Structure formats: structure tokens, C-alpha cells
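Please read the structure below before turning to the comments.
By convention in this document, chain letters (A, B, ...) are assigned in the order of the sequence lines, proteins followed by strands, and residues within each chain are numbered from 1. Atom set for the values below is all heavy atoms of this structure, side chains included, hydrogens, waters and symmetry mates excluded. Just so we're clear, the structure is a prediction, and the values are computed from it rather than from any experiment.
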Amino acid sequence: MGQQKNLDGYVGFASLPNQVYRKSVKRGFEFTLMVVGESGLGKSTLINSLFLTDLYSAEYPGPSHRIKKTVQVEQSKVLIKEGGVQLLLTIVDTPGFGDAVDNSNCWQPIIDHIDSKFEDYLNSESRVNRRQMPDSRIHCCLYFIAPSGHGLKPLDIEFMKRLHEKVNVIPMIAKADTLTPEECQQFKKQIMREIQEHKIKIYEFPETDDEEENRLVKKIKDKLPLAVVGSNTIIEVNGKRVRGRQYPWGVAEVENSDHCDFTILRDMLIRTHMQDLKDVTNNVHYENYRSRKLAAVTYNGVDNNKAKGQLSTKSPLAQMEEERREHVAKMKKMEMEMEQVFEMKVKEKVQKLKDSEAELQRRHEQMKKNLEAQHKELEEKRRVFEEERVNWETQQRLEQQKLEASRTLDKNKKKGKIF
Amino acid sequence: CATVVSFKSNCKRNVRGVPLAGHVGFDSMPDQLVNKSVNRGFCFNILCVGETGLGKSTLMDTLFNTKFEGEPTQHNQPGVTLKSYTYELQESNVRLKLTVVNTVGFGDQINKEDSYKSIVEFIDAQFEAYLQEELKIKRTLHSYHDTRIHACLYFIAPTGHSLKSLDLVTMKKLDSKVNIIPIIAKSDAISKSELAKFKIKITSELVSNGVQIYQFPTDDESVAEINSTMNSHLPFAVVGSTEEVKIGNKMVKARQYPWGTVQVENENHCDFVKLREMLIRVNMEDLREQTHTRHYELYRRCKLEEMGFKDTDPDSKPFSLQETYEAKRNEFMGELQKKEEEMRQMFVQRVKEKEAELKEAEKELHEKFDRLKKLHQDEKKKLEEKKKSLDDEVNIFKQKKTAAELLLNQAQQAGGSTTLKRDKERKK
């Protein structure tokens, strides 16, 4: 994305890794490890062996010493220091897992616990006032498989299927000193086959650019699942003091790679991939939890089919903003429609009124015309009449005159005036 | 019973420490972390604020031993704009994505009241982009290209007297948003004694105006001493140059004058080396951390409060994220519904009004025609009367006529019969 630039001399930002190193040491580190498996598989012993400490001791007994009726989830926190580096280690135990007669849903308290840690982190991340956010999320889950030699139990499969998308699952064969190398080999193959068959996603080592590292990673991958032995006792073997289990036929040494995969586990879990386990938890498992949670919150009350289609890349607020815009558009459309209907109705009514007016006007004109015609007719009649009357009266006068004249004549005749 | 250590706080004080019986190996954690960072690459963003001509670009070139983009600008810019360039640099196995942001036109206008605004807006925009990413439902923070400004080099003009009011105003607006490192630019124009006085004046002006500049951190023992010493040399008086001059048998970066040569990397000549040491070699990571944990958090807090988010409800019980979003959502839905209702009401109102209007018009129309009708009735009545009077006249006339004719007949029959005869004979 940026332009490549060559430097003509030492600038000094090559010290950045040192700066980061320095700050991280000052800050200290945290790691939360969960161990799951039936009791008696040597979980506590393994933890003690891994961290070379008596995390579980007489004073702080491990889960197997506590009788539980139901699956509990318990935390132990210790602070350990080495080479100037402080590590706040939290071990999460699940006593009671798989120990009951009916183990249906014995994974539920564990799932709930993992989710509640995600929830805590989500809430503290979402606060307005954020302080130092303590990270108590589970970074890794060591799952102990009983060394039956046959294959995975239904409970193993069920558990891993339900948890592989919530936490980094690392399955291990416990108490591996009860299996011969050949049996172990077979057992491992069988387990990996079943894991693939059930599409269980166990923790995967990341690819690197380093060839040597990749070779090492390949070697580890071939040995999965790791078969481990743990021990709280130190025994002297060939002049050396080692952790091991003493048998009449010899000593099974914990840190002997010919005897078991313990060192591989320790190196991978603590010395090389601890940070990656945290990163995967943060970038993958937590983000999945968060996006599901926020999507549920956002689409609460909205058509769920729409929500299932695509997990929005927006924030819930942006989502609401979009819904607001959609609503505004919808309202505008509704408004326009209502406006149209309104205009149409008004037009109709106005038209009706106009028609009515026109009709009335027409009738009125008609009547007026009618009247005028009648007026004219009357005028005509009157004129005729007047004419007739005048004529008659004139005639009458004439007649009268004649009559007068004839009467006078007669009178004169009678008087002898006329001969 | 078996104790499980305090759940309440992760604080290391409450946690028991246990001794280790051997080398476990988690002391490799810092290395694991560092390896991951190196693989991912680093990112750093510098903002240079200062008037045109103070040598900002030259200083960047000198600090990073390269030639960055950019033309020298004229003084005729109408406002302050920010130009940013991103570069990929590498030193041994460390890759750095460096972004250099320059303020173009700063201090050139007659009215400089709004000069700081575009700078503040730019800084806020980067915070906003990060916040938006952080709030997304599906987000990719670990591969996000962080553009937030980690360090602001504020270039002070080498007047030798005091800070300009523009400087104070601008720095005051920026000090809660970014790490400010004030530097005296082109300091080869100031004599040594003037420089000491100048630095004291600047520092006291900054203090008396409450400007918070970046302090090199002294909490880590390994760098506390050098950082604290350097803090006392602020503001750094720098000279930049990419020109090289031969001094002795070495080529050094310098500026050549008739009276002597100013060597950039000579600590007696200027504080360039101090600046490089502090900014790049010792505290680059701290600058990024402060930006994220202090300046960004402040921005985020203000923004969220503005949007109505709270951490506790009115009863001081903490809100869960779910509750907060649900509350927001309900508020939002309520608002939408209200708007919808308002619109409907408005329409109902309009319909009512229009109906009344039309009814009124209809009424008027009918009244008009009723009037006309009445007029017409009156006219008709008059006409009828006229007709009747005419008819009466006609009748009277007829009667008169009939009577007259009767009389005439009688008169003629009585004495006028001879006349009649004569008339009759005549007529024959």
C-alpha cells in the first residue's frame, strides 16, 4: 500500500522489537489453561509436571481429590516468575466431568463458563469508561483421552464437537505409559481418523515462512494427539534426577521423548505457541462469540431470516442507522402514495362539484331562455292584440262617424233638406 | 476446604506465587510476542505541524535517511490542508509502515483563527475510523491499518523570543488529542545563549497556558534515566539537512556557512540526535501505546457519551451491553413509530380540512343556485301576472266588441234599416 523507500543509513527503528520486548516484560503475561477429562487421568499431575511446580499440593488439592456430584468449573490462579518474566497462570478445572453414570450435557457447565468469560470481556470492552481489561478468557483446553487403545469414546467426540469452535482444543492421550509404542501408534491413528471423520477442528499450528520451523511443525503434526505421562516424583536414573514413574520393570521418564510426548507438549504449549494460542482465542474464538452476540442484539425483533443471511460488517449502531434510512424511505413512499390517493380523491370531488355547477348553470340558462321566450310570446300577443284593438277602435270610430253622418242625413231628410 | 484464589481481581497482589523446580520455559513469552509483531510489521504515523518554510520535510528526510515525497509549498494557500504519504521502510528484519502527514498552508493566512480546525478534524477522523472498525459486528482489528497519529512534531519558528499566539492556540487544541513533541525548527539561526533563554521561555509559556506536551516515560527502570534527562532538554532545537559535507575523513550531514559548518548529528550543534533517539529508538512504542490507551480512549469515551451510551443506569446499576443496545433499539423504534404516527395524523388533518373546504364550496354553490331559482320564480310570477292582465284586457275588449256590435246591430235594425237596405242594395 505504501511506497517502498530505501534508507541511506541507520535510522534506528530496528529497535522497535526491543521496545516491544521491554514493555511486554514490564506488563507481564497472563494465560488461562483449562483441563478436561474424567477423574483419575492424571490431570493435576500433568499440570504440576508442565509447570514444574506444586500447583496442586496438600494445601491446594487438585480436583480429583474433591468429590463432586455434578460438573463444577473451578479456577486456580498462581503467579510464576522466570528469567525476569512474570506469568499469571490460571488453571481451570472441571471436576466431575464424565464421572457420572449419565453424562448427558456434562459439557454444558464448561460451555457456559467459556461463554461467560467471553461475555465478561465483551462487556468490559464495550464500556464507555474502559480500564485495564483483564483477560480471563480460556486460551487453551487440554482434553484428556483415556488410554483405552481402541478409539474415542462417544463422550470425547461429543465434547470436542461442541467446544472446537469456542476454544483451542488440544486432545491428549493421558497416562500413556500404559500403552506400548505400537499400541500408541495405532491408537493415535484411530483417534485422528475419528477426529477427521467428525470434522472436529482441533488447534492447528500456524504456518510460518521459516522452513525449519515448518519442518518442526510437520513433525509435531505427525505425532498428534500427543501421548503424555506426568509425575510428581523425582527419581534418580543413571545419576540424573528426573521426573518419572517407578515401576518394577523400569522408570518411565516424563521428559524422555522416547517414552512419551511430554516435552513436545510442553515446548509447544509453553515455549513456542503460548502467544499464538492467545491470539487465536482473541482473533477467532472471541470474535465469533462477539459477532454472534451483537448480531442477535441488533436483529432482535427484526426478521430473523434476513439476519441469518449475512452477518453484517457494520456496528449495531450503523445497522440501526441503515434501518432508519430504510424506514425514512418507506415512509416517503407511503407519504407519496397517500398524497396520490388524496389528490385523486380531491380531484374527483372537485370535478363532481364542477359538473354539478355546470348542470345547475345549464338548467338555469334553460329556464331563463324559456322565460325569455315566453316574454317574447307575450309581447307578440300583446302587440297583435293592441293592433287589433286599435284597428277595431278606429273602425268603430269610422262606423260611428258614418252612423252620425247618416243620422244627420236622415235627420236632414226628414227636415226636408235633402231632395 | 480447598481454596480457590480470589476471583475478584486479576491483580497480582492477591494471587499466590509459587516457586518453580526447574526451567519451565515461559520466559520465551516476550520473544514469542516480539516474533509475532515482527512478522506482522510495525506501523507509525507522524504529524508535522508548522508554518510553511520551517523545514518540516527536510527534517523528516534527515530523520529517516531518505527522500520523501512532496513539493515545497508556496505561501498562498487559502486554508490549512493535510497531506499524508505512506511509506514502507525496512531496517534489518523490521518492516515499518510509516505515514508522514504534513500541514500545508499552516500560518499563511491573514486570519488564522480556524487554522487548527482542519488539524483537529484530521486527527479525529482517524480516531473515528478506528472506532467504527472497533464497533463493527464483524471486524478485523488485528489486520487493521492503524492511521491514528502517534506523534505530533510541532515546529516552532526560531524567533528567539517566545511562542506565537497561533502556536499556543493550536497546541492547546491538540494536547488532549495527540502526543505533542515541540521542536525549535531551523535552530541554527539562534545563538547558544539565546537558545537557552528561548527554551526556558517556551517551557514556561506552555506551563502557564496549561499545554500538556508529551513526556518521555520514566516508569520503566531501563529507560527512566535517559528519558528523564531528555525531558529536561525539551523543546529540542533541531537542524535538518540531507546535504553531506566532508568533516575530517567522514561525510556528515551538515549545513555549510561561510563562518562554519553546522553538523546535524553533532550534539553540541543541535538536538537532532536527541530527537531521533527519543522519537524513534527509545519511545516509538510508547508513543503508539499512549495514543491508543489515552488519546483514543478519551475520544471514544466522548463519542459514546455523545451518542447516549452510559455505563450505569439511573440507579447506578451497571448496564450490560445487551441492555444498552436494547434500550437504544427501543428508543430508536419508538422514534420511528412516532414519526410514522405523526405523518398519519397530518394526513388525517389535511383530509378533514379539505373535506370541510369542499363542503363549504358545495354549500355556496347550492345557495347560489337557490337564489337564482328564487329569482327565476319571481320572474315567472311577474310574467304570469302580465299574462293574466293581458288576458283580462283581451276579455274586456272582446266583451266591449261584442257589446258594440250588438248595439250597432240594434241601431241599424231600428232606424237605419233603409240605410242598411240601400247599403244592401248597393252591395247587391
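Between Leu353(A) and Leu358(B) the shortest heavy-atom distance is CD2-O, 4.4 Å.
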| request: For Arg139(B) and Glu287(A), run salt bridge (Lys or Arg N to Asp or Glu O under 4.0 Å): C-alpha distance rounded to whole Å, both residues' side-chain angles, the deciding distance at 0.1 Å, then the answer. | output: CA-CA 8 Å; Arg139(B) 59 189 189 179; Glu287(A) 287 298 318; 2.9 Å; yes
| Between Lys401(B) and Glu388(A), is a salt bridge (Lys or Arg N to Asp or Glu O under 4.0 Å) present by the stated rule, with each step listed? | CA-CA 11 Å; Lys401(B) 201 168 160 185; Glu388(A) 191 186 327; 3.5 Å; yes
| request: Verify salt bridge (Lys or Arg N to Asp or Glu O under 4.0 Å) between Asp391(B) and Lys381(A), making sure each step is shown before the conclusion. | output: CA-CA 10 Å; Asp391(B) 282 343; Lys381(A) 206 170 163 190; 3.6 Å; yes
| What do the steps show when you test Lys23(A) against Asp220(B) for salt bridge (Lys or Arg N to Asp or Glu O under 4.0 Å), and what is the final call? | CA-CA 8 Å; Lys23(A) 278 192 171 279; Asp220(B) 186 342; over 6 Å; no
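Side chains of Asp54(A) and Val18(B) form no contact here, defined as non-hydrogen atoms less than 4.5 Å apart. Under the 4.5 Å side-chain criterion, counting only non-hydrogen atoms from C-beta, Phe26(B) is not in contact with Phe29(A).
Relative orientation of the Phe342(A) and Phe347(B) rings is perpendicular, given thresholds of 30° and 60° on the angle between their planes.
Within the model, atoms CE of Met274(A) and CE of Met29(B) stand 5.5 Å from one another, a figure rounded to the nearest 0.5 Å. The structure places CZ of Arg389(A) at 13.5 Å from NZ of Lys398(B), a figure rounded to the nearest 0.5 Å. If you take CD on Glu372(A) and CG on Leu383(B), they are separated by 11.0 Å, rounding to the nearest 0.5 Å.
Between Glu355(B) and Lys349(A) there is no salt bridge, since none of the side-chain N atoms of the basic residue sits less than 4.0 Å from a carboxylate O of the acidic one.
A donor-acceptor pair shorter than 3.5 Å can be found between the side chains of Glu340(B) and His327(A).
Contacts of Leu89(A) with chain B are absent, with no heavy-atom separation under 4.5 Å from either backbone or side chain.
Under the side chain to side chain contact (heavy atoms under 4.5 Å, CB included) test applied with Phe13(A), the options Leu98(B), Leu279(B), Leu89(B) reduce to a single match, Leu89(B).
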